[in-house]
Amino acid sequence: MKEKELRRSQAVLPIGTVMKLTDLSARQIRYYEEQGLVVPPRSEGNRRMYSLNDIDKLLEIKDYLAEGINMAGIKEIYAQEAAKKAKLQEEAKNRVMTDAEMRRVLQKEFINVSGLGKPTTFPHNQHL
DNA sequence: ATTCTAACA
DNA sequence: TGTTAGAA
């Protein structure tokens with residue numbers, strides 16, 4: 001994974017900073033967590049630590065809410081996205097597997113044609 | 001000083 | 001969602 005992504009997912013911001021950056025109340029931020037959206041890790045002192053990605057997601061949630069979408073609707077949206085990503089990963093996985101499959105076939109073919117493989121059936125000499 | 005949880009005149 | 005109390 002790229003460093004840039006790691007930094008964006010690094011949870012280092014306390015809720016106070018998140019409040020200012022998103023203009024959301026602590027109550028709202030914690031409520032969204034209760035609803036399963038944006039669940040930040042906790043520090044040793046049980047303090048929520050947010051990442052820049054969390055900030056983005058909170059702003060995204062704020063926009064959905066402003067558009068009149070309720071919690072259930074937002075949950076559905078993320079549920080669909082999650083399902084879509086899972087599907088894409090599954091397809092990528094299958095794609096890799098078929099590539100490996102093809103390599104096996106080509107490798108096998110090469111061995112046969114080159115005659116380097118262990119001959120399972122000896123070609124019987126034909127009488128002249 | 002900040003944040004956390006739980007509760008509601 | 002706001003607010004508040006008591007603890008960490």
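- Residues of residues 57-78 of chain A that place a heavy atom closer than 4.0 Å to DNA chain B do not occur.
- Considering A/D99, A/T98, A/L106 as possible partners of A/M102, the one that fulfils the side chain to side chain contact (heavy atoms under 4.5 Å, CB included) test is A/L106.
- Residues A/S43 and A/M49 are in side-chain contact: their nearest non-hydrogen atoms beyond the backbone lie under 4.5 Å apart.
- Within the 3.5 Å criterion, the main-chain N or O of A/S25 finds a donor-acceptor partner in the side chain of A/Q28.
- Residues passing the salt bridge (charged side-chain N to carboxylate O under 4.0 Å, His left out) test with A/E81: none are found, sequence neighbours excluded.
- Counting heavy atoms from C-beta outward, A/L52 and A/R7 have side chains that stay 4.5 Å or more apart.
- Considering only heavy atoms from C-beta on, A/L24 stays 4.5 Å or farther from A/M19 through its side chain.
- A cation-pi arrangement is not found for A/K57 relative to A/Y50, the charged atom failing to lie both closer than 6.0 Å to the ring centre and inside a 45° cone about the ring normal.
- Distance alone, capped at 3.5 Å, places no donor-acceptor pair between the A/D54 side chain and the A/V38 backbone.
- Side-chain atoms of A/K62 come within 3.5 Å of backbone N or O of A/T22 as a donor-acceptor pair.
- Tested against A/I69 for a side chain to side chain contact (heavy atoms under 4.5 Å, CB included), the candidates A/I74, A/D63, A/I61 yield a single pass: A/I74.
- A/R104 is linked by a salt bridge (charged side-chain N to carboxylate O under 4.0 Å, His left out) to A/E101, counting only residues two or more places apart in sequence or in another chain.
- Ion pairing between a basic and an acidic side chain is recognised when a charged N comes within 4.0 Å of a carboxylate O; A/R42 and A/E33 show such pairing.
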Polar atom pairs (N or O), protein with nucleotides 2-4 of chain B, under 3.5 Å:
from  : atom 1 : to    : atom 2 : distance (Å)
B/dT2 : O2     : A/R47 : NH1    : 3.4
B/dT2 : O2     : A/R47 : NH2    : 2.3
B/dT3 : OP1    : A/G16 : N      : 2.9
B/dT3 : O4'    : A/R47 : NH2    : 2.9
B/dT3 : O2     : A/R47 : NH2    : 3.2
B/dC4 : OP1    : A/R48 : N      : 2.9
B/dC4 : OP1    : A/R48 : NE     : 3.0
B/dC4 : OP2    : A/R30 : NE     : 3.1
B/dC4 : OP2    : A/R30 : NH2    : 2.6
B/dC4 : O3'    : A/N46 : ND2    : 3.4

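- Scanning DNA chain C 5' to 3' for nucleotides with an atom closer than 4.0 angstrom to a non-hydrogen atom of chain A gives a first and last hit of C/dT1 to C/dA8.
- Base pairing in DNA chain B gives the following stems of 3 or more Watson-Crick or G-U pairs, range against range and under 3.5 Å: B:2-8 with C:2-8.
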